[in-house]
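Per chain, numbering begins at 1; letters A, B, ... match sequence-line order.
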Amino acid sequence: MTSFYWQTIDAGAALLAAATTLAGLFLVYHAWRHRSRWLTPGWVIIALSCWPWVAAAGADVGISLALVVLMLGAIAVVAVTGQWQRNGNPRRQRVPLDDAERDPSATAREHRHRLRRALVRLLAAGPLSAGAALTLVMLLAAYAAWPESDRLVTAAMLAPLLWGLGMAWSCADSRPLRPVAALAVLTFLPLPLLPLW
Amino acid sequence: MKLSLKPTAGLVRATLASHSVLGLTAAALMYVLCVSGTLAVFYKELERWEQPTVVEVQSVSPQALNRAAAATMARVEEAPEHLFFTLPTAELPRLIVGADEVSWFASADGELMQPVAHDWTHFLIYLHIALNLPTTLGLTIVGMLGAMLVALIVSGLLAHPNIFRDAFSLRMGGSERLGQVDLHNRMSVWGTPFHLAIALTGAFIGLSSVLVYVAATLFYQGDTDAAGASVFGAEPEPTDVAAPLADVGAAVRRTTADHPGELPFYVTIHEPATTAQVVDVGAHVPRRVVWAERYRYDAAGTPMDTLGWADGSFGQQLYASTFRIHFGHFGGLPVMLAYVLLGASLCVVTATGVNIWVAKRRQRGVPADAVERMWAAVVWGVPAAIALSALTNLAAALPAAPVFWLTTLTLVAAAWRLGDARAWSRGLRIATAILAAAVVLAHVVRFGGAALTPASLIVNLVWLVLAAGMTLSVTGLPVDALRRLQPQQPIESRRT
């Protein structure tokens, strides 16, 4: 018995689509390797290959397959064209120490400072980012003028995305109190708008 | 004023620092999820591999379904809330009938046979979706890790200003750190669509119980069933008034007749043998990634409504599409194999991420030897512990979750103080190779010829490929082969 999904895919169109995607990838690689002007045509061909993919397997399966072939094709190109030959004895490049690593008295100071910053970042990346994401998506679920299932599912799908963005920002900002303040505002300020009380 | 989309050096530095902090915080658990998820792609084959002697059926008649339903009701002591049927398909050519928590295989005639008992596959799936913790807690932690993966993807892309300049460069012949950086960056950049899809759908699945609870508290007076009804469909109100058992065969026959081209693959009877009972039939929809379309029938098999997972609202279709996207079950074996390769690439990204941090520390003259040893124990110990759990479960019926976690934690604790990272890496790869080969041997000894049935063969081949891969990685043969493919002079790097 052949897989149900395999039976419903048009094999000829799928082969054409895969060849088109890989041809586009080859042009992108060529542009990278030889600094040629094939970069944009390569990406255009990759985008156009979605059309035979959709014809072969439908819109959602087809585009998923296009991405899978593109990703695997690119990783294969990287592996095959990678530089595997030993390049003599690699020079061990010494990275300079920062102040905390160089000076023992600075180390203790720096460690305390880093610990404080880490705790603030943890607060921002964990509970505050989660809280802000939750408050925002619940506002969407409460007020968007969409059908109920659209509001709930879109909110649920956006929650991890917003939480992830909040985490990334919390850990990247050179002033850790800035995301703390902003995320706290986003978490607590809109709460009265939710039908909680 | 010059407008540039290129991130500033300060932003790159900050996002790189953020990327390191997030990655180091979650690396070990994320790696466990990556490895278990990569293997769990084959969960249907693993279920067949665990019980290879079960008689497989290609199709089942409506009469046989009704017989199986009646036999199940006769076998259970308490009236169940649900009867479940898994109908035979190419991926799982077995008829399974269940009542709430217990289930049995059934013959093509609807006669009940041995109980379903794929404890090891169950362990592997729960390792992936809940880290073997109590379900709601575990799902939530895994959902959080999914959100962290989103953060890692975003910060990783922002921290990579030369994304095109380095698009295909892989310099494995130079310094160890440069090789690890290239491997990490190339795999992660080209795998971004897969990583993002896995992270978002995984976080969505993991956090959904918390989100439904919050939505229910805010908008539905705490009624979680009502909160999910517009997406999952409503459960019927129990009546506890006895009635003849629903004609499940008629419902399946009607689905096949009314929806040609679709393939029914599961059935649920809610509140069976009561006046409240309804029958849900789930069918594969061609050329769609939705889990199924779900058709509801009354006890006589008369259509009541369609849930709309395939053609309903955007939200319903989005929800129904998350599972096949996450598990790679939308294109048969080729897509599953592609998912295994992409899953393995995510394992490599996770492993090299910590390796880069360790190499950087060493270059700075402040080596983190204990972390390096412990990380080697995680990276190579997790596959070894998974193989050991399979072996001990197969050979001695030991519960897999304690074996896996005790082995992993013992290895990490031992690596904290003992040996060096290279020895741990080498030793655990050899151990994984031996254990994976031993799993196949134990399977053949226990099941004889049934170990060579198609599904068992696929899984046994995966174990053997794992054993061979580990052995080859110790010998360095794959890298030597790639070196032989290339000219003697190294390809000039674009980065000078």
Side-chain angles (χ1 to χ4, degrees), chain A residues 1-6 8-9 29 32-33 57-58 60-61 64-65 67-68 71-72 74-75 77-79 81-87 90 92-95 97 101 121 134 138 141-142 147-154 156-157 159-161 163-165 167-168 171-174 194-196, chain B residues 14-15 18 21-22 58 89-91 93 146-148 150-151 154-155 167-168 170-175 186 190-191 193-194 200 203-204 207-208 211 214-215 218 230-231 263 284 286-289 313-316 318-319 330-332 338 341-342 345 363-366 479 482-483 486 490-491:
Chain A
M1 242 189 337
T2 316
S3 162
F4 173 77
Y5 290 96
W6 207 230
T8 59
I9 292 173
Y29 173 71
W32 175 83
R33 187 77 185 86
D60 39 1
V61 175
S64 305
L65 290 176
L67 288 170
V68 165
M71 287 185 281
L72 286 180
I75 289 172
V77 170
V78 168
T81 62
Q83 180 187 317
W84 296 90
Q85 295 285 354
R86 287 216 184 280
N87 207 356
R92 184 161 275 193
Q93 192 186 350
R94 181 98 180 174
V95 177
L97 299 177
E101 289 157 348
R121 285 189 203 283
L134 210 52
M138 287 304 149
E148 185 183 7
S149 55
D150 289 2
R151 284 185 279 123
L152 291 174
V153 176
T154 309
M157 196 54 96
L161 183 65
W163 188 0
L165 292 174
M167 274 186 206
C171 296
D173 200 311
S174 56
L194 289 172
L196 190 59
Chain B
T15 47
S18 144
V21 169
L22 286 166
Q58 307 302 320
T89 57
E91 289 83 8
M148 289 185 88
V150 172
V154 171
S155 57
F168 293 96
L170 181 67
R171 291 153 293 184
M172 300 302 288
S175 79
R186 295 304 86 74
W190 284 112
F194 173 77
L200 279 177
F204 172 83
L207 295 174
S208 56
L211 292 166
V214 173
L218 288 174
S230 67
V231 182
L263 179 70
H284 285 300
R287 300 157 78 88
R288 298 297 310 273
V289 292
S313 69
F314 166 75
Q316 286 175 309
L318 182 63
Y319 164 77
F330 57 87
L341 292 174
L342 292 168
S345 83
Q363 280 189 336
R364 283 183 164 187
V366 278
V479 175
L482 280 163
R483 283 187 185 132
Q486 294 187 334
I491 295 168

So, the part of A:Leu161 with a heavy atom under 4.5 Å from chain B: the answer is both
How far does CE of A:Met157 sit from OH of B:Tyr319, to the nearest 0.5 angstrom? 10.5 Å
With a 4.5 angstrom heavy-atom cut-off, is it the side chain or the backbone of A:Ala156 that approaches chain B, or both, or neither? both
Among A:Leu165, A:Val77, A:Val78, which residue forms the greatest number of heavy-atom pairs with chain B at distances under 4.5 Å? A:Val78
Relative to chain B, which of A:Met167, A:Arg121, A:Arg151 shows the most heavy atom pairs under 4.5 Å? A:Met167
Heavy-atom closest pair (B:Trp190 atom, A:Met71 atom, distance to 0.1 Å) is O-CG, 3.0 Å
Is the backbone N or O of B:Ser230 less than 3.5 Å from a side-chain atom of B:Gln316, with the two atoms forming a donor-acceptor pair by type? yes
Given B:Ser208, B:Ala215, B:Gly146, B:Ser345, the one with more heavy-atom pairs under 4.5 angstrom with chain A than any other is B:Ala215
What class does the angle between the rings of B:Phe168 and A:Tyr29 fall in, given that below 30° is parallel, 30 to 60° is tilted and above 60° is perpendicular? perpendicular
Cut-off 4.5 Å, heavy atoms of chain A, and the answer for B:Val289 is both
In this structure, CH2 of A:Trp163 is separated from CG of A:Leu134 (nearest 0.5 Å) by 9.0 Å
Heavy-atom distance under 4.5 Å to chain A: side chain of B:Leu200, backbone, both or neither? both
Between A:Thr8, A:Asp150, A:Thr154, A:Ile75, who has the most heavy-atom pairs with chain B when the cutoff is under 4.5 Å? A:Asp150
One should read off an interatomic distance between B:Gln58 CD and B:Thr89 OG1, to the nearest 0.5 angstrom, of 10.0 Å
Taking A:Asp60's backbone N and O only, do any of them form a donor-acceptor pair with A:Ser64's side chain (distance below 3.5 Å, no angle check)? yes
A:Ser149 side chain to B:Gly315 backbone, donor-acceptor under 3.5 Å: no
So which of B:Pro286, B:Ala203, B:Ser155 has the largest heavy-atom pair count under 4.5 angstrom toward chain A? B:Pro286
Most contact-rich option vs chain B, by heavy-atom pairs under 4.5 angstrom, among A:Leu72, A:Leu67, A:Val68, A:Ile9, is A:Leu72
Could you have a look at A:Ala172, A:Gly58, A:Ser174 and say which one has the most heavy-atom pairs with chain B under 4.5 angstrom? A:Ala172
